[in-house]
Structures are given as structure tokens and as C-alpha cells.
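The structure appears right after this line, and notes come after that.
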Amino acid sequence: MNIELRRKLFHIFSILLWLLPLFLLPKPLLLLLCLLVILLNLSLVFKLCKDRLKPIYSLIYYFEREKNLEKPSIQALWLNLGVFLSFLFFPKECSAVGVVITAVGDGFAGIVGYHFGKTKIGNKSLEGALAFFVSTSLVLFPFLGSKAFLVALAGTLAELFSKRVDDNFLLPLVGSLVACL
């Protein structure tokens, strides 16, 4: 299995794990858990306690792109900051939508874009953007009805045109915001 497929499958399933504490923990504990995960991410990015965290680094290096090895886990840090702010500012039902579009939409956009993306839009592909829209719409439609298409469109556009802000940070916030409208 190539690194991009391995990364995106891990991306999908690991982000969806945020749904468990979102619905099982009271908000103060949920926010505390987020802060602890962010602190762990910071220690990984800045390579603090590297000797003590060898098993975690081994896992990260298995899934990390070569260009991110200088700051391992940087994209996970951006993701967890976006998830934390989503949990902080939005009701859990809206935050769950933000988590789902980040996991499913970004995951499938990456897989399809990497393997089948021919039509480039910046550093993304039209095929990946379509995969984002379709996968997100299909997953959210049973829960949101026709509003799923609006959330999917907003997420697709945020994914496609996020240049200065990491899409892993932006997507949980965009999805949560649009779900609450």
C-alpha cells in the first residue's frame, strides 16, 4: 500500500474517533482531552521528549509524508486545533458535522485526487474536489437531508481554495459553522 493511501485511510478513521469523546464526555472533559492532545502534538512537532515517545514517532513516521518529517505531526496539530475550536464554539451536533467532513471529505478527496486527479486547480484536483463533495453529501444526507449538499459544497470550496490556512484546521470549523446555519 502506498504512503498516500495509507495516510488517508488512517486520516479517515483516526479523525472519526473524535466522535466518541464528543458524544460520550461532558464538555469540560472533552475540552481538556483536546488540550492534552494538542500538547502532545506540540511536543511531537517540536520533538520534545523524543526518547520517551519513540513508539509514537515510529507510528508517525509510518504515516507521515517526507516533506513533513522536519515537523512530524504538524498537520495533526492543525487538525486538533480546528477540532478544539469547533468543540469550544459550536454545539456537539454541529461539531460532529465538522469532524465528519474533515475525515470523510478530505480523506476521499486525497485518495481520489492522488490516484485519479488529472484536472489541476492550484495544488488540488477537480476529481478530488468532486470526491469530497460526493462522499460528504452521501455520508451527511441521512442526518441533515438537503442541507448536506450545502455543507458538502462549503467544505469542498474550503478544501479546494485553502492556501494560507491548513485545510485540516479550516474544515472542522467550516463544517460546524455551516451545519449550524
Side-chain angles (χ1 to χ4, degrees), residues 4-25 27 30-31 33-34 37-38 41 63 65 68 73-117 119 121-181:
E4 282 303 311
L5 182 58
R6 185 169 60 219
R7 284 186 79 255
K8 288 302 178 177
L9 290 174
F10 182 75
H11 178 88
I12 292 167
F13 294 110
S14 64
I15 295 172
L16 287 175
L17 285 176
W18 271 119
L19 295 176
L20 292 173
L22 175 62
F23 287 104
L24 296 177
L25 295 178
K27 193 158 190 166
L30 174 64
L31 295 176
L33 176 63
C34 285
V37 168
I38 289 168
N41 273 139
F63 290 104
R65 289 180 181 134
N68 292 338
S73 192
I74 188 70
Q75 289 183 305
L77 175 61
W78 284 118
L79 166 82
N80 289 316
L81 286 169
V83 167
F84 171 73
L85 292 174
S86 171
F87 290 172
L88 185 63
F89 293 119
F90 297 103
K92 64 181 169 186
E93 293 78 12
C94 296
S95 294
V97 171
V99 167
V100 168
I101 74 161
T102 306
V104 174
D106 190 43
F108 281 98
I111 292 169
V112 171
Y114 181 81
H115 291 287
F116 305 105
T119 311
I121 302 173
N123 64 344
K124 309 285 181 165
S125 72
L126 176 63
E127 295 82 1
L130 291 172
F132 189 112
F133 181 80
V134 170
S135 64
T136 303
S137 296
L138 288 173
V139 168
L140 293 178
F141 187 79
F143 305 100
L144 301 179
S146 60
K147 190 177 196 177
F149 300 115
L150 180 62
V151 172
L153 178 62
T156 301
L157 294 174
E159 159 80 9
L160 198 54
F161 297 112
S162 62
K163 289 187 176 27
R164 296 195 187 269
V165 179
D166 192 289
D167 62 345
N168 290 308
F169 174 76
L170 197 58
L171 287 172
L173 297 169
V174 168
S176 299
L177 176 66
V178 176
C180 280
L181 296 178

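Nothing here was measured: the structure is a model prediction, and the numbers come from that model.
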Please name the pair of heavy atoms, one in T156 and one in A129, separated by the smallest distance, quoted to 0.1 Å.
-> CG2-O, 3.5 Å
Identify each donor-acceptor pair in which a side-chain atom of residues 79-86 lies under 3.5 Å from a protein atom, sequence neighbours left out, and give them as a table.
from, atom 1, to, atom 2, distance (Å)
N80, OD1, W18, NE1, 3.0
N80, ND2, N41, OD1, 2.5
N80, ND2, A76, O, 3.0
S86, OG, S95, OG, 3.2
S86, OG, S176, OG, 2.6

Flag side-chain contact, heavy atom, 4.5 Å: R65 against Q75 | yes
Do you know which two heavy atoms are closest between F108 and I12, and how far apart they sit?
-> CE1-CD1, 4.0 Å
Nearest 0.5 Å please: distance from the CG atom of L20 over to the CG atom of L33.
-> 11.0 Å
Side-chain contact, heavy-atom cut-off 4.5 Å: W78 with D167?
-> no
Does any N or O in the side chain of K92 come within less than 3.5 Å of the main-chain N or O of K27, such that one atom is a donor and the other an acceptor?
-> no
Run through L138, V134, L140 and flag the one making a side-chain contact (heavy atoms from CB on, under 4.5 Å) with T136.
-> L140
Any donor-acceptor pair under 3.5 Å linking the side chain of K124 with the backbone of F161?
-> no
If every non-hydrogen atom of S135 is compared with every non-hydrogen atom of G105, which pair is closest and at what distance?
-> OG-CA, 3.8 Å
Of all the heavy-atom pairs spanning V174 and A158, show the shortest one and how long it is.
-> CG2-CB, 4.0 Å
From L30 CG over to F23 CZ, what is the distance, rounded to the nearest 0.5 angstrom?
-> 10.5 Å
Could you give all pairs that pass the ring pair (Phe, Tyr, Trp, His ring centres under 6.0 Å) test and reach residues 123-153, with sequence neighbours left out?
-> F141-F149
Supply the atom-to-atom distance I74 CD1 to D166 CG, rounded to the nearest 0.5 angstrom.
-> 8.0 Å
Could you state the interatomic distance from SG (C94) to CG (L173), rounded to the nearest 0.5 Å?
-> 12.5 Å
Please examine the side chains of N168 and H11, heavy atoms only from C-beta on, and report whether any two atoms are closer than 4.5 Å.
-> yes
Grab the two heavy atoms, one from I101 and one from L171, that are nearest each other, plus how far apart they are.
-> CD1-O, 3.6 Å
Least distance between heavy atoms, A148 atom then S137 atom = CB-O, 4.0 Å
Side chains of L19 and V100 in contact at under 4.5 Å (non-hydrogen atoms) | yes
So do D106 and K8 actually touch side chain to side chain, heavy atoms under 4.5 Å?
-> yes
Check: R6 side chain, F63 main-chain N or O, donor-acceptor pair, under 3.5 Å = no
Measure the CD-OH distance between E127 and Y114 for me, rounded to the nearest 0.5 Å.
-> 15.0 Å
To the nearest 0.5 Å, atom CG of L130 lies from atom CG of L160 at 9.5 Å
